[in-house]
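Note that the numbering runs from 1 along the sequence shown for the chain.
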Amino acid sequence: MALSDGLHITRRQILQGSAAAAAGLSLPSASQAQAQMTGAHRLWYRKPAREWVEALPVGNGRIGAMVFGGISNEKLQLNEDTLWTGGPYESVNPAARAALPEVRRLVFAGRYSEAQKLADATLMAKPLSQMSYQSFGELLIDMPEIPDFWAREYRRELDLDSAIATTVFTVGGATFRREVIACPVHQVIAVRISADKPGRIDCGITLRAVQPGSLAVERNALIVTGTNRDEHGIAAALRFAGRVEVLHEGGRLEPRAGGIGVRDADSVTILVAMATNYRRYDDLRGDPLVITNAQIDAAAKIGFAGIAAAATAEHRRLYRAVALDLGTSPAAEQPTDARIAAVGTAEDPALATLYFNYGRYLLIGSSRPGSQPANLQGLWNDSGQPPWGSKYTININTEMNYWPAEPTGLAECTAPLIALVRDLAETGTRTAREMYGARGWVAHHNTDLWRVTAPIDGAQWGMWAMGGAWLCTHLWARYDYGRDLAYLRSVYPLMRGAALFFLDTLQADPNTGHLVTNPSMSPENSHSGGLNGPTICAGPAMDMELLRDLFAQTAQAARTLGLDADFARELLATRAKLAPNQVGAQGQLQEWQADWDAAAPEQNHRHVSHLYGVFPSHQIDLDETPELAAAARRSLERRGDDTGGWGTAWRANLWARLRDGDRAHRQLMLLLGSARVYPDLLNANPFQIDGNFGGTAAVAEMLLQGHGEQILLLPALPSAWPTGSVRGLRAPGACTIDLEWRNGQLAQATLASPLGGRRIVRLGGQRVAVTLKAGQPLRLVGPALKPGR
């Protein structure tokens, strides 16, 4: 299988490389190159996972597993990304449209508690909650003749570069190896159990579903079939199938109750396929048995070596697009859980590199073309009732999942998100019409597999109609980074529909005359009356910032495509009438139209919604809008650092955008500490994957920022990373950038774009205009940004 670097790889080479790296870790005299490889691209441990949040994730975008690395008992917890509760349903409250004018009147009259009570009674979805993402089940491998206490030289690891999870231990003079990989090419999870002495593999294999179903045992296969579950009164509509096939070299198979036994084998390969009948939110005509049988039959012909080689090559095509080196230290040679425990006490810059690489690995593993988008837990969930349903929370969390995609070379991982927006534009058209009497389409703060778009949970959290608007900024980002006109033409109707909804629903504030959203909220923050007080209001700062982006980007898309000139002018004219950002009495950027910030009950609220204009938007800028940037900084200082994982990640990006590298790094170190990550480096308390993705984006943001034709080099380089390099970061205009720096100063930068064009390169206070020739790298040397050869 050819790799992106032109090499040819075999399974033997993959295993030899993994073994060599493992050997290097165990030696005190490991070279710096070995330490950098193992410390920055590998999670490893000296004991099995005791619980799910210590297990290691593998995924191919659509199916995944959490690998526990047990000795006598191994467990792979399994997921398939379309296995959710319920079935197709509609959720718009029939009373909503008639009640909406009164809710708006109460809001403008300042009677917020009454407005929120009425919104709860009339505007919220039926049912009030959406469906939940589900666990598929477990693959159990029992090796009872190898008691845990016999094992020596135990090690489990996840190699981010090969995408293989490996468990190795020695018992009775034989070394046992278990490898797991999720293959995006052949759509199976493959497990290989081997020993360095023949005839030593004895195991029992069981597939256990956690959904209602039944198990059939064939000679060398396990087939589980069943249905999903009802939830919140929505009937189950999904059928699923999982197939496990056992292939062995040497030895024999034997029947076991509810499973398959293998005796005296030299090695065993286990192939796992999973599917449901889901094709899209309104089409359940798939046949999961046919799908899984075909996947297993095709993969079995190739064997583990071919599956692993294909999976690793396909993974590396994306993973190796970016290479980061922030330096190393002796701490990088320690197990991952020990490194996490030492955050704040030991110098370990390679841990930040590992976290960055892990975020990219997780996005590749949970979001590929043809899969569902990464949800609140990416792809990996072991619960029937996961936190917040593990669904799509589109008032920050889903968007944060995709912050690293464009700048870190994973543009194609956005394909499932773009497909989600296409679906929401369909279902949201009904919500816009029936709830608001409006054209276009709308989505509120959550959606699920069935793409419902009405407001859920309660008015305190859900009465926010901006989810579709925020998602459309990602449609524009995909164009801005790639500049593909055919793509822009395909998504322009989605952006146009989102903008059209707001043209129909914006209201004139009777006190100021500005156009504002009403009813709305600043997610999910109460402005008065205690922590459970009203959130409902008109025209919060975030809404205005989102609409400024949506209207400007949609108008620019229309001009770029030569379409809708009158509509583009209407958008820009309406944009000019939106309520502006304001600075409050405390010197802060106001979160609401009134200066409520100082009296708001939760001063350290996890959301920093009003700072959207700083990041991920570029509306508030240190150079272009210095007063607003200073006010945003004041808001960030007042909001504080003590929050959960994703909130910490957002703060890290904000400090980076404000070009305070040491403050951004401090947030990153909070994100890496044991209070905010589990031993497997997944975002903690509870697990939400957005913290991982937001942290990856923050590292990139500290090293490179791009907007329009401007490129900022090392804009927020922290003192903790005095020397390093990065290859493959991206800026708008299909521009790829490599950087090297020493002693806190730029050594060289290389820019390239297949499109060519003029760029303004900025470094500190310097601004240099350069012209890129299509396909030809341009090298700039040293702090002076002089052209080099």
Side-chain angles (χ1 to χ4, degrees), residues 48-52 55 63 65-80 83 134-151 167 169 171-172 176 178-180 188-195 199-229 239-276 288-289 292-293 295-297 299-300 304 382-384:
R50 297 166 298 177
E51 54 185 330
W52 191 84
I63 60 175
M66 293 292 283
V67 184
F68 281 66
I71 298 169
S72 60
N73 295 284
E74 171 65 294
K75 177 167 70 174
L76 275 65
Q77 184 271 318
L78 303 172
N79 285 106
E80 198 276 354
L83 185 54
Q134 299 290 285
S135 171
F136 189 95
E138 297 171 340
L139 177 72
L140 304 174
I141 304 170
D142 180 24
M143 302 178 73
E145 297 183 18
I146 304 179
D148 287 5
F149 60 85
W150 285 6
T167 304
F169 52 87
V171 173
F176 293 82
R178 199 182 299 125
E179 301 154 283
V180 183
V188 295
I189 294 171
V191 183
R192 176 78 162 178
I193 308 170
S194 60
R200 297 296 293 269
I201 307 298
D202 295 322
C203 63
I205 301 159
T206 302
L207 178 63
R208 183 167 66 196
V210 296
Q211 306 295 321
S214 60
L215 176 68
V217 181
E218 298 180 355
R219 179 180 175 276
N220 70 329
L222 305 171
I223 302 102
V224 63
T225 56
T227 64
N228 66 333
R229 292 190 171 97
R239 294 179 290 108
F240 68 83
R243 183 180 179 95
V244 169
E245 186 151 320
V246 180
L247 310 173
H248 63 102
E249 297 176 13
R252 63 189 184 279
L253 299 181
E254 62 181 23
R256 295 192 182 180
I260 296 170
V262 182
R263 295 285 293 180
D264 304 324
D266 301 331
S267 66
V268 176
T269 295
I270 305 169
L271 304 178
V272 184
M274 296 171 280
T276 76
L289 272 173
T292 53
N293 287 343
Q295 290 167 342
I296 290 289
D297 289 347
F304 184 84
D382 69 335
S383 173

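Rounding to the nearest 0.5 Å places CD1 of Ile141 at 6.0 Å from CG of Leu76. For the atom pair CD of Gln211 and OG1 of Thr225, the computed distance is 12.5 Å after rounding to the nearest 0.5 Å. Distance check, rounded to the nearest 0.5 Å: OG of Ser383 to CD of Gln134 gives 7.5 Å. In this structure, CZ in Arg263 is found 12.0 Å from CD1 in Ile201, a value given to the nearest 0.5 Å. Taking CD1 of Ile189 as the start and CD1 of Ile270 as the end, the distance is 11.5 Å to the nearest 0.5 Å. Atom CZ of Phe136 and atom CD of Gln77 lie 11.0 Å apart (nearest 0.5 Å).
Heavy atoms from other residues, nucleotides or ligands lying under 6.0 Å from CZ of Arg219 number 12 at most.
When Val246, Leu253, Ile193 are each tested for a side-chain contact (heavy atoms from CB on, under 4.5 Å) with Ile205, only one passes: Val246.
The shortest distance between side-chain heavy atoms of Glu74 and Val67 falls below 4.5 Å. With a 4.5 Å cut-off on side-chain heavy atoms, Ile71 and Pro48 count as touching.
In plain terms, the two heavy atoms of Ala49 and Ala55 that are nearest each other are CB-N, 3.6 Å. For the pair Gly172 and Arg200, the tightest heavy-atom approach, listed with the atom from each and the gap, is O-NH2, 3.7 Å. Heavy atoms only, all atoms of each residue included: Arg256 and Gly261 are closest at NE-CA, 3.4 Å. Here the closest non-hydrogen pair linking Phe240 and Leu83 is CD2-CD1, 4.3 Å. Of all heavy-atom pairs between Glu145 and Trp150, the closest is O-CZ3, 3.7 Å. The two residues Asn220 and Ile260 make their nearest non-hydrogen contact at C-CD1, 3.3 Å.
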Practice task
Would you check, one step at a time, whether the test side-chain contact (heavy atoms from CB on, under 4.5 Å) holds for Leu289 with Ile223?
Solution key: CA-CA 9 Å; Leu289 272 173; Ile223 302 102; 3.8 Å; yes

Handout entry: Test log, rule side-chain contact (heavy atoms from CB on, under 4.5 Å), inputs Met274 and Leu78
Key = CA-CA 9 Å; Met274 296 171 280; Leu78 303 172; 3.7 Å; yes

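Side-chain contact of Ser135 with Asp382: a donor-acceptor pair under 3.5 Å is absent, judged by distance alone.
Arg192 has no carboxylate O lying under 4.0 Å from a charged side-chain N of Glu179, or vice versa, which leaves the two without a salt bridge.
With Glu80 contributing its side chain and Ile63 its backbone, the two residues share no donor-acceptor pair below 3.5 Å. At distances below 3.5 Å, not a single donor-acceptor pair connects side-chain atoms of Asn228 with backbone N or O atoms of Arg239. No donor-acceptor pair under 3.5 Å is formed between the side chain of Asn73 and the backbone N or O of Asp142. The closest donor-acceptor contact from the side chain of Asp148 to the backbone of Ser72 lies under 3.5 Å.
Among residues two or more places apart in sequence or in another chain, the side-chain hydrogen bond (donor to acceptor under 3.5 Å, both in side chains) test is passed with Thr292 by none.
Relative orientation of the Phe169 and Phe176 rings is parallel, given thresholds of 30° and 60° on the angle between their planes.
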